[in-house]
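Have a look at the structure below before the remarks.
Everything numeric in this text was worked out from a predicted model, so none of it was measured. Throughout, protein chains are lettered first and strands after them, A, B, ... in sequence-line order, and every chain is numbered starting at 1.
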There are 2 protein chains.
Amino acid sequence: MATPGTDTGIVYRADCPSRPILDQIADKWSMMIMAVLDRPRRFNDIKRRLEGVTQRVLTQTLRRLERNGMIERRVLPTSPVGVEYSLTSLGESLREPFGHLYDWTTAHADEIQKCQQGYDERS
Amino acid sequence: MATPGTDTGIVYRADCPSRPILDQIADKWSMMIMAVLDRPRRFNDIKRRLEGVTQRVLTQTLRRLERNGMIERRVLPTSPVGVEYSLTSLGESLREPFGHLYDWTTAHADEIQKCQQGYDERS
DNA sequence: CGGTATCCAGTCCGATACTG
DNA sequence: CAGTATCGGACTGGATACCG
């Protein structure tokens, strides 16, 4: 047995406050939506920028982000009606960590693909 | 209509290289596993630290992380057999962006909870 | 335009049992 | 210890239709 006293690693207990939050925000579409909201944008504008997202999923994700205080939903008094989504200051503050993650993915995309190929050939 | 020339926001095309990567790594368990791997750890050690994860899901997630080159799997010549997981240098480089995200969640946990309460009461 | 409602297929996930 | 195999239910996501 290893000396117990030296083992000080993280333990993610079920009641760890960051766990439910990661559940809510650390998914693909949430991150892409927030990346796209560099300024207020309307529903279909967002939809066009996230190639492949369905209306249903986009609506659901926007609702969840709104509930979590990341974005704000504003109905425009136009005809026909328009709806504009924008980042709150809370959401704005999340763009930076998300940005780091995004930068990391673009920087290491090739390396990851090579790892996958190697793994698949081995197995 | 807004002046088209000024609209330079991000568009996440389907062939954007970061999208499949986010699919693979931006999930709850992956992030928690990598946070826990501050040093090489064995399967059940990891399992104990991620309260609530099932053996099945942990195995699947570890396999995917291994395939993507984030972690390394090493069978220990012990009896009974042991298996040790550790971060690769690629995985190590991801801990920093993940760390930022984690710090953000802990820093804003209260604020998010209040937003959720407000939203739920309004609706 | 920006949704909601409904249906349905595919996927995920937990529980359980078994193995080298 | 560290898995694999299997099964059934829950949840998710896509397609479609319809609405204010």
Side-chain angles (χ1 to χ4, degrees), chain A residues 1-2 4 7 12 14 19-20 22-33 36-37 39-67 71-86 119 122-123, chain B residues 1-2 4 7 12 14 19-20 22-33 36-37 39-67 71-86 119 122-123:
Chain A
M1 194 193 302
D7 190 348
Y12 270 106
R19 277 184 52 168
L22 288 177
D23 272 344
Q24 296 276 315
I25 63 168
D27 68 286
K28 182 182 62 165
W29 292 122
S30 292
M31 294 184 49
M32 290 203 273
I33 288 171
V36 147
L37 284 179
R39 64 164 164 105
R41 292 189 187 279
R42 293 177 55 167
F43 185 85
N44 277 331
D45 186 3
I46 299 172
K47 187 168 185 302
R48 267 187 302 273
R49 286 163 192 280
L50 305 185
E51 208 173 334
V53 75
T54 60
Q55 196 171 40
R56 177 191 162 87
V57 169
L58 180 55
T59 303
Q60 289 172 342
T61 310
L62 286 169
R63 288 286 180 280
R64 195 176 60 234
L65 288 173
E66 188 192 358
R67 176 169 182 268
I71 63 175
E72 205 162 3
R73 180 178 182 273
R74 228 187 96 222
V75 179
L76 305 173
T78 55
S79 174
V81 289
V83 179
E84 199 176 66
Y85 293 92
S86 54
Y119 184 93
R122 256 172 273 136
S123 64
Chain B
M1 194 195 304
D7 191 349
Y12 272 106
R19 279 185 53 168
L22 288 177
D23 272 343
Q24 296 276 314
I25 64 168
D27 69 286
K28 182 182 62 165
W29 293 123
S30 291
M31 294 184 52
M32 291 203 272
I33 288 171
V36 147
L37 284 179
R39 64 166 165 102
R41 293 191 187 279
R42 292 176 56 165
F43 185 85
N44 277 331
D45 185 3
I46 298 172
K47 187 168 185 302
R48 260 177 264 113
R49 286 163 191 280
L50 305 185
E51 209 174 335
V53 75
T54 60
Q55 196 171 41
R56 178 192 160 88
V57 169
L58 180 55
T59 304
Q60 289 172 343
T61 310
L62 286 170
R63 288 284 181 283
R64 195 176 59 233
L65 288 173
E66 188 193 359
R67 175 168 184 268
I71 63 176
E72 205 163 1
R73 182 179 181 273
R74 229 186 95 222
V75 179
L76 306 173
T78 55
S79 175
V81 289
V83 178
E84 200 176 67
Y85 293 92
S86 54
Y119 184 93
R122 254 172 275 136
S123 63

Got a sec, which residues hit salt bridge (Lys or Arg N to Asp or Glu O under 4.0 Å) with E51(B), two or more places apart in sequence or on another chain?
R13(A)
Starting from [atom2] on [N], measure out to [atom1] on [X] and report it in whole angstrom.
| X | N | atom1 | atom2 | result |
| --- | --- | --- | --- | --- |
| D23(A) | dC11(D) | CG | P | 14 Å |
| L76(A) | dG20(D) | CG | C1' | 16 Å |
| I46(A) | dG2(C) | CD1 | P | 9 Å |
| K28(A) | dT12(D) | NZ | P | 15 Å |
| N44(A) | dG2(C) | CG | C1' | 7 Å |
| R41(B) | dC1(D) | CZ | P | 16 Å |
| R73(A) | dC1(C) | CZ | P | 16 Å |
| L58(B) | dC1(D) | CG | C1' | 13 Å |

How about CD on E84(B), more than 12 heavy atoms from neighbouring residues, nucleotides or ligands closer than 6.0 Å, or not?
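For E84(B), atom CD is crowded (more than 12 foreign heavy atoms under 6.0 Å).
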Check this one for me: any side-chain N or O of Y85(A) less than 4.0 Å away from OP1 or OP2 of dC1(C)?
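No, because none of the side-chain N or O atoms of Y85(A) sits under 4.0 Å from OP1 or OP2 of dC1(C).
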Phosphate-side-chain proximity, R63(A) and dT4(C), N/O vs OP1/OP2 below 4.0 Å
yes
Taking the side chain as every heavy atom from C-beta outward, state whether Y12(A) and M31(B) have any pair of such atoms under 4.5 Å apart.
no
Using five pairs at either end of the helix from dC1(C)-dG20(D) to dG20(C)-dC1(D), determine the angle between the two local helix axes and round it to 10 degrees.
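For the helix from dC1(C)-dG20(D) to dG20(C)-dC1(D), the axes at opposite ends meet at about 50°.
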Would you mind building the protein contact string for nucleotides 6-20 of chain C? One character per nucleotide, 5' to 3', B for base within reach (heavy atoms under 4.0 Å), S for sugar-phosphate only, - for untouched.
B------BBB----B
